[in-house]
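Inspection log for the structure reproduced underneath, given as structure tokens.
Only heavy atoms go into these numbers, but all of them, side chains included; no hydrogens, no water, no symmetry mates. Numbering of residues begins at 1 and proceeds along the displayed sequence.
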Amino acid sequence: MAKPGILGRSSSMPRSNEGMRLVFSAVIGIMLGYLFGISFPTVNITKLHFPSSIVSYIEDRNSGITTQTLLNHAWTSANSHKKNNSDSKSDEIPKIYVTSNPKGAERLPPGIVVSETDLYPRRLWGEPSEDLTIQPKYLVTFTVGIAQKANIDAAVKKFSENFTIMLFHYDGRTTEWDEFEWSKRAIHVSVSKQTKWWYAKRFLHPDVVARYDYIFIWDEDLGVQHFNAEEYIKLVRKHGLEISQPGLEPDRGLTWQMTKRRGDREVHKVTEERPGWCSDPHLPPCAAFVEIMATVFSRDAWRCVWHMIQNDLIHGWGLDFALRKCVEPAHEKIGVVDAQWIVHQGVPSLGNQGKSENGRAPWEGVRGRCRKEWGIFQARLADAEKKYYLDQGITPPNSTSV
């Protein structure tokens, strides 16, 4: 009985030795892997500088460049970068953070930051530097429906190639405009049943239109037989107008005396209104005032006005009385250009885009919304000014109404 017991113990020895060898091999493997890992260069993928050939490879897989070639280049660049770092006195390159950059772009080097853009169409081919044979200096926008196509065609022809043409389509119909050659060069934006101030707030951000010296934001129902855009610009510059409009032909579509064309002068900046309408001769509607149907803004004035436009108040009523907040002195820098004048035809085309409710015509609902918005805007501006003064510890002045 002794021999079987001895044989049993001796037969387990080879298995034990084999297990020990496996454990020992695993430990050695781990140690070698660790030593190999710490000796291998660390690669930060954001610091890999890929050659332009990589872009070509991505676009054309038949270029003949292998993946291994690309990776070899990447590792070589990383090794070189690590060596350069080790030779420097600093252990780590400081991260970029530029507080003067636009908000959200602080981690970018200033030389790559482009904070403004433009509305210049570009080609799909060729050298980018050769895309633009002309860079328009002015922008004119019309908010349009197809029913006013002929009128807009006549209006656009009054603007030279120095103007970018932009159409906002409130009826969703854009292709019908292709019959006009100029329409193929124009910028078309289409959102159904929206006003020009809704469009302006969303598509004419000051950083988008910063290339333009003047921005014309016009209605579609304007007669332009006696208007020339280039001559208008000359007069605006001559008289230092930051916010302006052409004079209105007196017999049609006239609401305010300020916008009435004077036949004996180039420009006027003040007027007389009905008794009791002007508490101060330097305030609207006797001065510092133009309407919102055919307004023209300088670049700087528009940057201010854009911020005053409310997202939810889409008709812009009340804005004309508040434009004076954006220029100083307003009674000198806001005016009407008499020598270049237009006719307000008074076509209620956008009003007809409203909804008929309780037996009321569509335009009646639109007009009711306009009046309501005017009251809301007045209250918001007055409250904002009052809060500002109180926060500064100043008694609010009385002239906060618009």
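- For the pair Lys196 and Trp218, the cation-pi criterion (under 6.0 Å, within 45° of the ring axis) is not fulfilled.
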Inset, instruction - Determine, stepwise, if the pair Asp118 / Arg211 fulfils salt bridge (charged side-chain N to carboxylate O under 4.0 Å, His left out). - result: CA-CA 6 Å; Asp118 57 62; Arg211 296 288 187 94; 3.8 Å; yes
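- With hydrogens and angles ignored, the 3.5 Å screen pairs no side-chain donor or acceptor of Trp341 with any backbone N or O of Phe227.
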Show me the donor-acceptor pairs, under 3.5 Å and distance only, between side chains in residues 146-154 and residues at least two apart or in other chains.
from   : atom 1 : to     : atom 2 : distance (Å)
Lys149 : NZ     : Glu179 : OE1    : 2.6
Asn151 : OD1    : Gln345 : NE2    : 3.3
Asn151 : ND2    : Glu220 : O      : 2.7
Asn151 : ND2    : Leu222 : O      : 3.4
Asn151 : ND2    : Gln345 : OE1    : 3.3
Asp153 : OD1    : Trp182 : NE1    : 2.7
Asp153 : OD2    : Lys157 : NZ     : 3.2

Could you tabulate the donor-acceptor pairs under 3.5 Å formed by side-chain atoms of residues 274-281, not counting sequence neighbours?
from   : atom 1 : to     : atom 2 : distance (Å)
Asp280 : OD1    : His282 : N      : 2.8

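- Side chains of Thr117 and His205: no donor on one and acceptor on the other come within 3.5 Å.
- In this structure, Ile292 CD1 and Leu319 CG are separated by 6.5 Å, a value rounded to the nearest 0.5 Å.
- A donor-acceptor contact shorter than 3.5 Å links the side chain of Arg262 to the backbone of Lys260.
- Side-chain contact of Gln340 with His226: a donor-acceptor pair under 3.5 Å is absent, judged by distance alone.
- When ring centroids are compared, Phe216 and Phe159 come within the 6.0 Å threshold.
- Evaluation of the side-chain contact (heavy atoms from CB on, under 4.5 Å) rule for Glu332 yields Lys269, Pro329 as partners, not counting sequence neighbours.
- Salt bridge Glu266/Lys238: present, at least one basic N to carboxylate O contact under 4.0 Å.
- The salt bridge (charged side-chain N to carboxylate O under 4.0 Å, His left out) search around Arg173 returns Glu176, not counting sequence neighbours.
- Applying the side-chain hydrogen bond (donor to acceptor under 3.5 Å, both in side chains) test to residues at least two apart or on different chains, none of the pairs has a partner in residues 96-107.
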Would you give me the side-chain donor-acceptor pairs under 3.5 Å for residues 295-302, sequence neighbours excluded?
from   : atom 1 : to     : atom 2 : distance (Å)
Thr295 : OG1    : Glu291 : O      : 2.9
Ser298 : OG     : Glu242 : OE1    : 2.4
Ser298 : OG     : Ala301 : N      : 3.1
Arg299 : NE     : Ala210 : O      : 2.7
Arg299 : NE     : Tyr212 : O      : 3.4
Arg299 : NH2    : Asp213 : OD1    : 2.6
Trp302 : NE1    : Leu204 : O      : 2.8

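- The existence of a salt bridge linking Arg303 and Asp207 is confirmed by a sub-4.0 Å separation between a basic side-chain nitrogen and an acidic carboxylate oxygen.
- Partners of Asp312 according to the salt bridge (charged side-chain N to carboxylate O under 4.0 Å, His left out) rule, which considers only residues two or more places apart in sequence or in another chain, are Arg380.
- Residues meeting the salt bridge (charged side-chain N to carboxylate O under 4.0 Å, His left out) test with Arg371, sequence neighbours left out: none.
- Legend: residues meeting salt bridge (charged side-chain N to carboxylate O under 4.0 Å, His left out) with Lys234, ordered by chain and number and at least two apart, are Glu231.
- The ring of Phe289 has its center closer than 6.0 angstrom to the ring center of Trp256.
- Residues His315 and Trp198 keep their aromatic ring centres 6.0 Å or farther apart.
- Among residues at least two apart or in separate chains, salt bridge (charged side-chain N to carboxylate O under 4.0 Å, His left out) pairs with a member in residues 131-147 are Arg122-Asp131, Arg123-Asp131.
- Residue pairs meeting the ring pair (Phe, Tyr, Trp, His ring centres under 6.0 Å) criterion with at least one member in residues 127-146, sequence neighbours excluded: Tyr138-Phe163.
- Taking Cys370 as the reference, nothing meets the disulfide bond (SG atoms under 2.5 Å apart) condition, with sequence neighbours excluded.
- Rounding to the nearest 0.5 angstrom, the gap separating the NE2 atom in His188 from the CD1 atom in Ile165 is 10.0 Å.
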